[in-house]
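This report refers to the structure that appears directly beneath it.
Only this structure's heavy atoms are used, side chains among them; waters, hydrogens and symmetry mates stay out. Ligands are counted one by one from 1 in listed order, and the atoms in each one are counted from 1 as well.
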Amino acid sequence: MQIHDTIAGLRGALKNAGRVALVPTMGNLHDGHIALMTQACDHADQVVATIFVNRLQFRPGEDFEKYPRTFAADCERLAAAGVGHLFAPDEAEMYPEPQTYQIEPPPEQANILDGEFRPGHFRGVATVVMKLFQIVQPDVALFGKKDYQQLMVIRNMVREFNSPIEIVGGETVRATDGLALSSRNGYLSAAERAEAPRLFRVLTKVVEAVRAGAQDWGVLERGAMSELQAGGWMPDYVALRKKLDLQLPSAHDSGLVVLAAARLGSTRLIDNLEV
Ligand code: PAF
C-alpha cells in the first residue's frame with residue numbers, strides 16, 4: 001500500500017489507475033471500515049482510503065482532540081484488506097487557507113436529527129467530502145449506513161452537483177451483542193459497554209412493532225426513549241423517518257428507518273435500523 005500525505009503525490013500515483021473507489025474515514029479503523037474496504041475492492045481497480053480527522057465537522061466541546069488516532073494499526077489493517085493507496089493529509093494540506101467556501105446542505109436535511117443536536121456538523125462533512133471528491137476524483141465512493149443521515153446528505157449533494165460519482169452504502173457491522181461498531185465505542189467504560197447493546201434492542205423493538213402494523217410513530221418513539229432512559233441513557237432522539245429523505249412519514253408510509261442518538265455517560269452513540 002502506498003501512503004500519500006500530499007495531494008500532488010496522490011494525484012501522480014493515481015494516473016492511469018483505472019476505476020477508482022474512495023473510502024473516506026477518520027481512522028481508528030474497525031471491522032465496519034474494513035468491510036467497506038473489502039466491498040470497495042469489488043467495485044474498482046484501485047481502492048483509495050483516506051484518514052483525516054476533520055475539524056470542520058466537530059463543534060467546540062466535542063471530541064475532536066480526543067478522537068482516537070491509531071495510524072500505524074490502521075495502515076496494517078488497510079494493507080491487509082487490499083487497499084492500494086492511503087491518503088492521510090495533515091490539516092495544512094487539506095485546509096491551507098481558511099476554508100471560506102463551504103458546502104451548506106439544505107436545512108431540511110442538515111438541521112434535523114443529528115444536525116439539530118450538532119449544528120454545522122453536516123456542513124463540515126459535506127465540505128470535506130466534496131474536497132476529497134475533487135482531490136481523488138473517484139468513480140465510486142463508499143460510506144457506512146450507520147451514519148444514515150450523512151449518507152443521505154452525500155447522495156443528495158452528488159446528485160445536485162451532477163457529480164459522476166456512484167455512491168454506495170455499506171451495511172452496519174455489529175458486535176455479536178448487536179452494538180453497532182463505532183470508533184466512539186472505545187470511550188465506553190466496561191459497565192457502559194455492557195449496557196450499550198440496549199440501543200440496538202430498543203430499535204429492534206420499534207422495527208418489530210412497525211412490521212406488526214403499529215402506526216402511531218409518536219407512541220413508538222416515546223416508548224423507545226423511555227426504555228433508553230430506564231437504562232440510564234440520555235436520548236437526543238428516537239425517530240421514525242422515510243428512508244429516502246428522512247422526512248416525517250405519514251400514517252400509511254412504508255420504506256421507513258428508525259434512527260436514534262443517545263448519550264451513555266459522556267459518550268454519544270448513534271444507530272439506526274431500516275424497517
Ligand atoms: O464518517 C466519517 O468517518 C466522516 O464523517 C467522513 C465521511 C470521513 C468525513 O470526515
Side-chain angles (χ1 to χ4, degrees), residues 4-5 7 10 21-37 39-40 47-59 62-71 73-74 77-78 81 83 85-91 93-95 99 102-105 109-110 113-115 117-136 138 140-158 161 163 165-173 180-187 246 259 261 267-272:
H4 311 276
D5 57 9
I7 296 166
L10 175 73
L22 168 68
V23 187
T25 82
M26 298 203 298
N28 191 233
L29 303 180
H30 50 65
D31 287 353
H33 294 113
I34 300 305
L36 278 182
M37 305 297 162
Q39 200 178 343
V47 175
V48 178
T50 68
I51 295 181
F52 180 67
V53 186
N54 174 38
R55 188 187 291 275
L56 284 189
Q57 70 190 72
F58 290 80
R59 300 217 334 127
E62 289 189 342
D63 56 344
F64 174 75
E65 265 82 23
K66 79 163 182 179
Y67 198 86
R69 284 139 171 107
T70 51
F71 190 69
D74 291 347
R77 294 208 70 180
L78 290 172
V83 170
H85 299 268
L86 169 61
F87 178 53
D90 62 14
E91 278 197 60
E93 184 70 8
M94 275 303 272
Y95 299 126
Q99 185 71 29
Q102 299 203 13
I103 302 282
E104 187 73 63
Q109 290 170 30
L113 302 169
D114 246 47
F117 293 90
R118 303 183 71 190
H121 171 68
F122 290 107
R123 183 195 314 123
V125 170
T127 300
V128 78
V129 169
M130 181 57 100
K131 284 198 78 143
L132 291 171
F133 285 172
Q134 301 309 313
I135 292 166
V136 178
V140 53
L142 294 90
F143 298 86
K145 282 193 190 178
K146 175 167 168 292
D147 295 297
Y148 209 88
Q149 189 174 3
Q150 167 173 286
L151 180 57
M152 178 202 63
V153 166
I154 292 167
R155 276 193 201 286
N156 289 339
M157 175 177 82
V158 161
F161 280 102
S163 170
I165 302 172
E166 182 191 350
I167 302 298
V168 174
E171 295 305 323
T172 300
V173 178
L181 299 193
S182 161
S183 301
R184 292 190 167 99
N185 293 350
Y187 300 153
L246 298 184
L259 309 102
T267 305
R268 186 173 184 275
L269 297 179
I270 61 170
D271 200 355
N272 65 78

Practice task
Return yes if a side-chain donor-acceptor contact under 3.5 Å exists between N54 and Y95, otherwise no.
Solution key: yes
Exercise for the section: Indicate yes or no: does an N/O atom of Q150 lie under 3.5 Å from an N/O atom of ligand 1? Expected result: yes
Completion exercise
Note: ligand 1 atoms sitting under 4.0 Å from heavy atoms of P24 are 8 (C)
Exercise for the section: Classify the angle between the aromatic ring planes of H4 and H85 as parallel (below 30°), tilted (30 to 60°) or perpendicular (above 60°). Expected result: parallel
Practice task
Would you mind checking which non-hydrogen protein atom is closest to atom 3 (O) of ligand 1, with the distance to 0.1 Å?
Solution key: M26 CG, 3.7 Å
Handout entry: Residue part near ligand 1, for T25, under 4.0 Å between non-hydrogen atoms
Key = backbone
Problem - Atom indices of ligand 1 within 4.0 angstrom of V128 heavy atoms, with elements - result: 9 (C), 10 (O)
Exercise for the section: Give the atoms of ligand 1, by number and element, whose distance to some non-hydrogen atom of Q57 is under 4.0 Å. Expected result: 4 (C), 5 (O), 9 (C), 10 (O)
Problem - Any H30 side-chain heavy atom under 4.5 Å of T25 side chain - result: no
Exercise for the section: Return yes if some donor-acceptor pair links the side-chain N/O of T172 with the main-chain N/O of K146 below 3.5 Å, else return no. Expected result: yes
Exercise for the section: Please name the pair of heavy atoms, one in R123 and one in P105, separated by the smallest distance, quoted to 0.1 Å. Expected result: CA-CD, 3.8 Å
